[in-house]
K.L.:
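First, the structure itself, so that you have it in front of you.
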Amino acid sequence: MPEKYPFQEVEAKWQKIWEEQGTYRASDPGESKAEKYYGLVEFPYPSGEGLHVGHPRSYTALDIMTRKKRMEGDNVLYPMGWDAFGLPAENFAIKNKKHPAEFTAKNVANYQRQTRMLGFGFDWSREINTTNPAYYKWTQWMFSRFFNSYFDDKQQKARPIEELEIPADVQVAGEVAVREYRDARRLAYKTKITINWCPRDKIGLANEEAVGGVCDRCHGPVEKREKEQWMLRITKYADRLIDELAQVNFLDKIKTQQINWIGRSEGASVKFQVASSKSQDAAEIEVFTTRPDTLFGATYMVLSPEHELVKNLESRISNLEEVKNYQEAAAKKSDLERQENKEKTGVELKGIAAINPTTGKEIPIWIADYVLADYGTGAIMAVPAHDERDFEFAKKFGLPIVKVVQPPALDSCAGISISTKGQLDDLRLESECWSGQGIAINSGFIDGLETAKAKEKMIAWLEGQGIGERKVNYKFRDWVFSRQRYWGEPIPLVYCSKCGWVALPDSELPLELPDVANYEPTDTGDSPLASIPEWVNTKCPHCGGAARRETDTMPGWAGSSWYFMRYCDPHNDKEFAAAEKLKYWMPVDLYNGGMEHTTLHLLYSRFWYKVLFDLGFVPAECGSEPYRARVSHAMILAYAYEDKNGHLIPSDTVEERDGKFVVTETGEEATQVIAKMSKSLKNVVNPDDVVADYGADVMRMYEMFIGPYDMDAPWSTQGIIGVRRFLDKVWGIGQNGARSPKSDMKASGMTGSGLRAPSYERLLNYTIKKVGEDIDGMHFNTAVSQLMILTNELSNFAASSHVPTSQEDYEAYLKILAPFAPHLAEELWHRLGHEDSIHRSPWPKYDESKIVADTVAVAVQVNGKVRGQIEVAIDAGEQTVLDAAKNEPNVKKYLEGQNVKKAIYVKGKIVSFVV
RNA sequence: GCCCGAGUGGCGGAAUGGUAUACGCAGCGGACUUAAAAUCCGUGGCCGCAAGGCGUGUGGGUUCGACUCCCACCUCGGGCACCA
């Protein structure tokens with residue numbers, strides 16, 4: 001009976017030795033002359049549930065890639081750490097009145113155990129934890145740099161706030177004016193914004209905790225509330241975050257998603273005068289439009305309900321009560337309601353009107369909640385003929401719809417308008433003539449190749465008139481950086497009534513989280529830190545007077561925005577990382593993470609890095625992008641079952657009978673579907689169980705074999721068996737110690753049926769090539785298939801108690817297997833007498849000439865259908881092959897009496913006859 | 001609605017213009033066994049006795065030849081969503 005791979009002993013043994021010998025330790029610059037390679041996986045949040053089987057999929061993938069790089073001679077950095085500030089620990093603290101550090105430590109220990117048991121080549125000497133004060137000291141230090149800098153629009157970069165030029169008039173206005181001028185430009189600034197507020201939990205929620213307008217914790221509806229928050233001015237980096245993507249190798253879908261999220265749109269701002277008989281209360285409404293060329297067709301304007309103009313012109317609005325009612329109703333509407341009901345509503349501001357600058361005509365002003373307060377200027381010009389939303393609104397409220405049928409001839413005349421009442425009006429604009437081509441009318445909306453030209457003309461006209469200018473707008477907002485929470489990095493600022501906001505001196509960092517008695521947020525929604533007077537009350541580092549500490553903490557995204565730099569120099573207590581180490585290791589060569597982080601963590605950390613880069617804390621040699629390449633793993637799903645009504649039911653209520661799935665109790669038919677793993681469906685696979693049953697090597701290899709790396713795949717408890725059989729086979733081959741030298745192989749009669757020595761040699765060389773290329777291209781599933789094919793060929797001889805390969809070839813086989821099954825390969829390697837690790841041995845080379853066979857099977861087609869196959873020499877001439885093809889018996893039958901019109905030979909592949 | 005991805009045996013999947021279904025799971029037949037498990041050998045798209053025909057979501061097209069390229073559509077998954 002073949003011996004099975006005794007994974008329990010083998011895996012434990014090597015994990016211990018690797019750790020003791022520092023097999024995977026990265027050398028510091030100077031220690032190694034090798035090229036560096038920095039592979040990075042997103043460090044996990046250590047949850048109470050422990051590792052999900054999804055985590056090891058990406059850890060294994062990059063483990064394989066970095067192991068290969070190491071064997072190719074690179075100095076590899078492949079680190080791991082813990083992103084450990086977060087909500088679950090805080091909720092645990094509230095519930096158990098215990099310090100969240102306790103819960104966190106327990107989870108970290110569990111994650112350490114779980115990641116170690118899988119045998120990854122992490123350099124554990126560089127392990128980091130974001131909740132460690134020695135780590136978050138630098139997170140706070142960086143926040144201070146943000147606070148003490150501004151963005152120079154001309155240079156498009158961050159600079160120290162002391163370098164900000166103060167205009168003379170501000171200077172004259174005094175110290176407070178100067179301070180306000182600076183504060184309004186800092187990269188970290190505090191402002192009143194609308195936040196998601198859960199009235200039941202009395203807590204402010206981050207957007208990601210209030211998805212769909214529902215509180216993540218109590219599932220109740222979320223309200224809007226105004227609150228002062230610290231913000232990071234990420235929008236200043238919008239253009240660079242888009243443009244500098246050109247320097248990096250991210251998956252296209254990641255780039256696209258980031259670009260769409262930033263949502264850059266180019267257009268113009270236009271000022272509309274509010275019609276007034278009395279010149280003293282002249283007012284104007286500024287709008288942003290991407291289609292200034294349709295200005296002729298602007299037949300009304302819409303303000304968001306919150307727009308300040310309503311308040312400013314209150315006295316002139318004749319239906320003020322109606323307007324106020326609408327404003328109130330709109331304020332109460334949650335995002336959820338807004339999303340569910342997109343029916344247009346609105347109220348006209350009676351008594352006032354605006355003037356369309358192209359026509360001089362008065363147009364009505366409305367307020368409506370389909371106009372968003374926080375995009376553009378919170379007001380729009382409505383062009384119902386060229387915008388679906390405006391069209392819908394105009395239809396509902398009977399507003400005129402004017403189609404700009406022709407490109408605006410900016411000189412003598414212009415388009416023709418058709419109002420809803422069917423009347424014709426002339427639109428006139430006194431300016432230069434636009435003489436472009438006609439514009440196609442597409443389902444009622446103006447559009448066409450010449451739109452871009454028309455826009456340019458219109459912008460020029462607006463600028464000439466002084467009523468508008470070119471303008472770029474972005475969808476994304478500044479980063480809300482405050483959390484009214486306990487379990488996060490304290491924001492290292494104090495407020496002094498005399499000096500305003502002041503950063504703590506660096507010497508006072510880290511500002512450690514104090515212990516509190518109660519982790520509940522306070523009634524006002526402030527962080528629990530606000531309830532510790534002795535912590536809150538402090539001295540102003542500037543003037544020495546009484547001051548109060550900021551009680552907000554940083555979001556979970558703070559520590560993860562720069563951790564990849566800390567790995568370069570994790571124990572440095574003088575700097576977040578030494579410049580020469582950053583110069584050597586940065587940028588990260590390959591960064592793997594989930595798609596869900598594309599618009600959050602990935603964008604935040606690029607921004608964070610750019611600020612440090614601009615300020616000179618990241619050496620210029622590193623470049624302005626932290627990650628050279630970014631790839632994304634997919635999810636590991638599970639099988640689930642639906643009952644006959646299409647409802648998902650727990651897996652343990654279903655069984656398989658005669659190839660069909662039935663509900664055990666009722667015998668009713670159930671359908672197998674693929675779903676996310678969930679406790680309620682009882683289909684969660686626990687890595688601990690998998691490792692206990694099959695071992696780490698099998699688990700790793702199965703996760704690679706399960707399917708293409710970038711595609712979701714369901715975990716199959718059946719499928720993993722195939723991988724175990726495969727590794728048992730590898731082990732079995734390893735036990736047949738005697739190996740033949742090459743000369744012996746040829747003499748030993750192993751040239752009979754099936755495998756001849758030369759063909760094994762060809763297969764081995766091909767496999768080395770294929771596996772290497774597949775690893776580089778992240779096609780791990782096909783690499784595993786190829787290793788199985790080679791193993792099957794080897795094992796065909798296992799019965800002869802004689803492995804049909806030379807020592808050298810056998811070692812090459814173990815080496816290409818080593819990144820996938822590191823424990824098994826290491827054990828067999830050492831059984832050959834090696835003292836050093838296989839994982840530090842050189843990656844095998846293949847001989848291209850040995851991959852090419854002498855003869856090749858060529859298919860023969862007649863009229864596109866395969867009718868036969870011939871064996872020809874690889875370098876046979878075309879005529880020789882065609883003749884051989886014609887004489888193939890079955891082909892001959894089809895060619896009999898036919899006239900061959902065309903004959904094609906594709907070298908080594910196919911012959912095609914057309915008759 | 002917009003953007004992205006995917007549809008191939010009973011199942012996970014392979015093949016990016018050249019013999020569709022590699023590799024693995026399940027199935028079937030056999031060997032070993034008192035028996036079972038494990039292991040090994042064989043078999044393996046559908047129709048057909050066969051010759052042969054039909055087959056990669058659907059319908060068209062390009063080509064000697066299409067899972068692969070082009071056009072139109074359907075279904076499923078993900079992201080964004082009144083962004084002017």
Side-chain angles (χ1 to χ4, degrees), chain A residues 1-2 4 251-254 256-257 259-261 263-265 267 287-291 294 298 302 304 338-339 341-344 368-372 374-383 386-390 392-393 473-477 595-596 598-599 634-635 637 639 656 659-660 672-674 702 705-708 710-723 725-726 728-729 732 779 781-789 791-792 795 798-799 857-869 893 901-915:
Chain A
M1 193 167 94
K4 298 201 163 207
L251 293 179
D252 281 345
K253 61 176 175 180
I254 295 174
T256 312
Q257 210 169 303
I259 292 167
N260 291 344
W261 181 261
R264 183 187 153 103
S265 21
V287 301
F288 171 74
T289 175
T290 54
R291 292 293 304 276
T294 63
V302 189
S304 66
R338 221 177 264 255
Q339 265 171 38
N341 184 9
K342 285 186 180 169
E343 175 82 8
K344 299 276 181 294
D369 66 2
Y370 84 91
V371 173
L372 306 173
D374 61 357
Y375 182 77
T377 62
I380 60 155
M381 65 178 210
V383 187
H386 305 289
D387 181 283
E388 287 188 61
R389 296 152 302 181
D390 297 345
E392 204 186 306
F393 191 83
N473 245 306
Y474 303 93
K475 266 198 247 185
F476 85 148
R477 300 279 95 85
M595 278 309 284
E596 72 275 18
T598 302
T599 54
M635 272 184 293
L637 304 171
Y639 287 110
E656 197 175 347
K660 282 192 179 158
Q672 193 179 53
V673 294
I674 291 170
Y702 175 62
F705 188 58
I706 195 167
D710 57 355
M711 299 262 245
D712 294 347
W715 184 277
S716 160
T717 43
Q718 291 291 338
I720 195 168
I721 289 167
V723 174
R725 286 182 190 148
F726 163 49
D728 283 342
K729 209 177 267 186
H779 306 301
N781 54 332
T782 49
V784 175
S785 295
Q786 191 59 40
L787 287 167
M788 286 174 169
I789 292 169
T791 301
N792 288 342
S795 111
V858 169
V860 185
Q861 292 185 344
V862 180
N863 285 345
K865 290 204 189 302
V866 178
R867 297 300 182 186
Q869 198 181 88
K893 209 168 76 191
K901 291 187 196 122
K902 201 168 183 180
I904 295 162
Y905 173 49
V906 181
K907 197 179 169 196
K909 286 190 172 146
I910 207 157
V911 171
S912 182
F913 291 115
V914 183
V915 296

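Each chain gets a letter, A, B and so on, in the order the sequences are listed, and its residues count up from 1.
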K.L.:
Would you indicate which nucleotide in C82(B), A84(B), G79(B) comes nearest to any side-chain atom of Q257(A)?
P.N.:
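For Q257(A), the side-chain atoms sit closest to G79(B).
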
K.L.:
Rounded to whole angstrom, note down the P distance from A14(B) over to U21(B).
P.N.:
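Those two atoms are separated by 15 Å.
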
K.L.:
Whole angstrom is fine here: how far is it from CG in D728(A) over to P in U39(B)?
P.N.:
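My rounded result for the distance is 8 Å.
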
K.L.:
Is a donor on one side and an acceptor on the other found under 3.5 Å between the side chain of N473(A) and the backbone of S265(A)?
P.N.:
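Checking the backbone N and O of S265(A) against the side chain of N473(A), no donor-acceptor pair under 3.5 Å is found.
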
K.L.:
Using atom C1' of each nucleotide, how far apart are U68(B) and G18(B) to the nearest Å?
P.N.:
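Per the computed distance, 11 Å lies between those C1' atoms.
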
K.L.:
Listed by chain and number, what are the salt bridge (charged side-chain N to carboxylate O under 4.0 Å, His left out) partners of R725(A), not counting sequence neighbours?
P.N.:
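Listed in chain order: nothing, the list is empty.
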
K.L.:
Rounding to a whole Å, what distance do you find between I789(A):CD1 and U21(B):P?
P.N.:
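Nearest whole value for this atom pair: 13 Å.
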
K.L.:
Mind telling me whether W715(A) and Y702(A) have parallel, tilted or perpendicular rings, with 30° and 60° as the class edges?
P.N.:
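Perpendicular, since the angle between the ring planes exceeds 60°.
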
K.L.:
So, OP1 or OP2 of G52(B): does either fall under 4.0 Å of a side-chain N or O from K893(A)?
P.N.:
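True: K893(A) side-chain N/O within range (under 4.0 Å) of G52(B) OP1/OP2.
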
K.L.:
Looking only at non-hydrogen atoms, find the nearest pair between S716(A) and Y639(A) and report the distance.
P.N.:
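Closest approach of S716(A) to Y639(A): CB-CE1, 4.2 Å.
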
K.L.:
How far, in whole Å, is G55(B) from C46(B) if one measures between their P atoms?
P.N.:
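Comparing P positions in C46(B) and G55(B) gives a spacing of 16 Å.
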
K.L.:
What is the distance from CG of D369(A) to C1' of A84(B), rounded to the nearest Å?
P.N.:
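Atom CG in D369(A) sits about 15 Å away from atom C1' in A84(B).
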
K.L.:
Between Q672(A) and V723(A), just flag the one whose closest nucleotide in RNA chain B comes earlier from the 5' side.
P.N.:
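Final value for this comparison: Q672(A).
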
K.L.:
Quick check on G9(B): syn or anti? Syn means the glycosidic torsion is within 90 degrees of zero.
P.N.:
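Syn conformation here, the glycosidic angle of G9(B) being no more than 90° from 0.
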
K.L.:
Check whether any side-chain N or O of K253(A) sits under 4.0 Å from OP1 or OP2 of G5(B), and answer yes or no.
P.N.:
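No.
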
K.L.:
Does a side-chain N or O from Y375(A) land closer than 4.0 Å to OP1 or OP2 of A84(B), or not?
P.N.:
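Yes, because at least one side-chain N or O of Y375(A) sits under 4.0 Å from OP1 or OP2 of A84(B).
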
K.L.:
If every non-hydrogen atom of D390(A) is compared with every non-hydrogen atom of I380(A), which pair is closest and at what distance?
P.N.:
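Closest heavy-atom pair between D390(A) and I380(A): OD1-CD1, 3.5 Å.
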
K.L.:
Mind calculating the distance between CH2 (W261(A)) and P (G79(B)) to the nearest angstrom?
P.N.:
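Answer to the nearest Å: 12 Å.
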
K.L.:
When the distance from CE of M788(A) to P of G12(B) is rounded to whole Å, what number comes out?
P.N.:
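M788(A) atom CE is separated from G12(B) atom P by 17 Å.
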
K.L.:
For the C1' atoms, the ones on U19(B) and on U58(B), what distance do you get once it is rounded to whole angstrom?
P.N.:
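The same atom, C1', in both gives a distance of 26 Å.
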
K.L.:
How far, in whole Å, is G45(B) from A20(B) if one measures between their P atoms?
P.N.:
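Pairwise P distance, A20(B) against G45(B), rounds to 14 Å.
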
K.L.:
Apply side chain to side chain contact (heavy atoms under 4.5 Å, CB included) to residues V866(A) and V860(A) and explain how you reach the verdict.
P.N.:
CA-CA 6 Å; V866(A) 178; V860(A) 185; over 6 Å; no

K.L.:
For K729(A), what residues pass the salt bridge (charged side-chain N to carboxylate O under 4.0 Å, His left out) criterion, not counting sequence neighbours?
P.N.:
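With neighbours one apart ignored, the set is empty.
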
K.L.:
Strictly below 4.0 Å: does R725(A) bring a side-chain N or O up to OP1 or OP2 of U39(B)?
P.N.:
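Yes, R725(A) has a side-chain N/O under 4.0 Å of OP1/OP2 on U39(B).
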
K.L.:
Could you state the atom-to-atom distance from NE2 of H779(A) to P of G24(B) in whole Å?
P.N.:
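It works out to 20 Å between those atoms.
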
K.L.:
Counting side-chain heavy atoms from C-beta on, which of C3(B), C64(B), C82(B) comes nearest to Y370(A)?
P.N.:
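Of the candidates, C82(B) comes closest.
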
K.L.:
Taking for each residue the nucleotide of RNA chain B with the nearest heavy atom, is it I674(A) or D374(A) whose nucleotide lies nearer the 5' end?
P.N.:
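Nearer the 5' end of the strand: I674(A).
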
K.L.:
Under 4.0 angstrom, heavy atoms only, what part of the nucleic acid is R264(A) near: base, sugar-phosphate, or nothing?
P.N.:
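Answer is nothing: R264(A) stays at 4.0 Å or more from every strand.
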
K.L.:
Only Watson-Crick and G-U wobble pairs with both distances less than 3.5 Å should count. Give RNA chain B in dot-bracket notation, marking inter-strand partners with |.
P.N.:
(((((((..(((.....[....))).(((((.......))))).(((....)))..(((((..]....))))))))))))....

K.L.:
Distance check needed: G77(B) C1' versus M635(A) CE, whole Å only.
P.N.:
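From M635(A) CE to G77(B) C1': 9 Å.
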
K.L.:
Please find the pair of heavy atoms, one from Q861(A) and one from I910(A), that lie closest to each other, and give the distance.
P.N.:
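Answer, listing the atom of Q861(A) first, then I910(A): NE2-CD1, 3.4 Å.
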
K.L.:
Rounded to whole angstrom units, what separation is found between the CG atom of N863(A) and the P atom of G53(B)?
P.N.:
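Result: 11 Å.
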
K.L.:
Is there a side-chain contact between N792(A) and the phosphate of G24(B), meaning an N or O under 4.0 Å from OP1 or OP2?
P.N.:
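For N792(A), the contact criterion (side-chain N or O under 4.0 Å from OP1 or OP2 of G24(B)) is met.
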
K.L.:
Compare the minimum distances between each of C23(B), C82(B), C54(B) and the side chain of K865(A), then state the nucleotide with the smallest one.
P.N.:
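Of the candidates, C54(B) comes closest.
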
K.L.:
With T256(A), which residues qualify under side-chain hydrogen bond (donor to acceptor under 3.5 Å, both in side chains), at least two apart?
P.N.:
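side-chain hydrogen bond (donor to acceptor under 3.5 Å, both in side chains) list for T256(A), sorted by chain: empty.
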
K.L.:
Tell me which nucleotide among G12(B), C82(B), C3(B) gets nearest to the side chain of Y639(A).
P.N.:
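For Y639(A), the side-chain atoms sit closest to G12(B).
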
K.L.:
List for me each residue that meets salt bridge (charged side-chain N to carboxylate O under 4.0 Å, His left out) alongside D374(A), sequence neighbours excluded, and say none if there are none.
P.N.:
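Residues passing salt bridge (charged side-chain N to carboxylate O under 4.0 Å, His left out) with D374(A): R477(A).
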
K.L.:
Can you tell me, in whole Å, how much space there is between the C1' of G53(B) and that of U63(B)?
P.N.:
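These two C1' atoms come out 23 Å apart once rounded.
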
K.L.:
Provide the closest heavy-atom pair for Q257(A) versus T599(A) in the form atom of the first, atom of the second, distance.
P.N.:
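Reported closest heavy-atom pair: O-CG2, 3.9 Å.
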
K.L.:
Scan nucleotides 13-19 of chain B nucleotide by nucleotide, 5' to 3', and note B when protein non-hydrogen atoms come under 4.0 Å of the base, S if they reach only the sugar-phosphate, - if neither.
P.N.:
SSS--BB

K.L.:
Kindly indicate, with the supporting measurements, whether the criterion side chain to side chain contact (heavy atoms under 4.5 Å, CB included) is fulfilled by R867(A) and K893(A).
P.N.:
CA-CA 9 Å; R867(A) 297 300 182 186; K893(A) 209 168 76 191; over 6 Å; no

K.L.:
Please state the C1' separation for the pair C67(B) and G7(B) - nearest whole angstrom.
P.N.:
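Going atom to atom, C1' in each nucleotide, I get 11 Å.
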
K.L.:
Could you tell me whether T598(A) contacts a base, only the sugar-phosphate backbone, or nothing, with contacts defined as non-hydrogen atoms closer than 4.0 Å?
P.N.:
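Nothing, no nucleic acid heavy atom in range.
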
K.L.:
Could you work out the separation of C73(B) and G1(B) based on their P atoms and round it to a whole Å?
P.N.:
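Straight-line distance between the two P atoms is 13 Å.
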
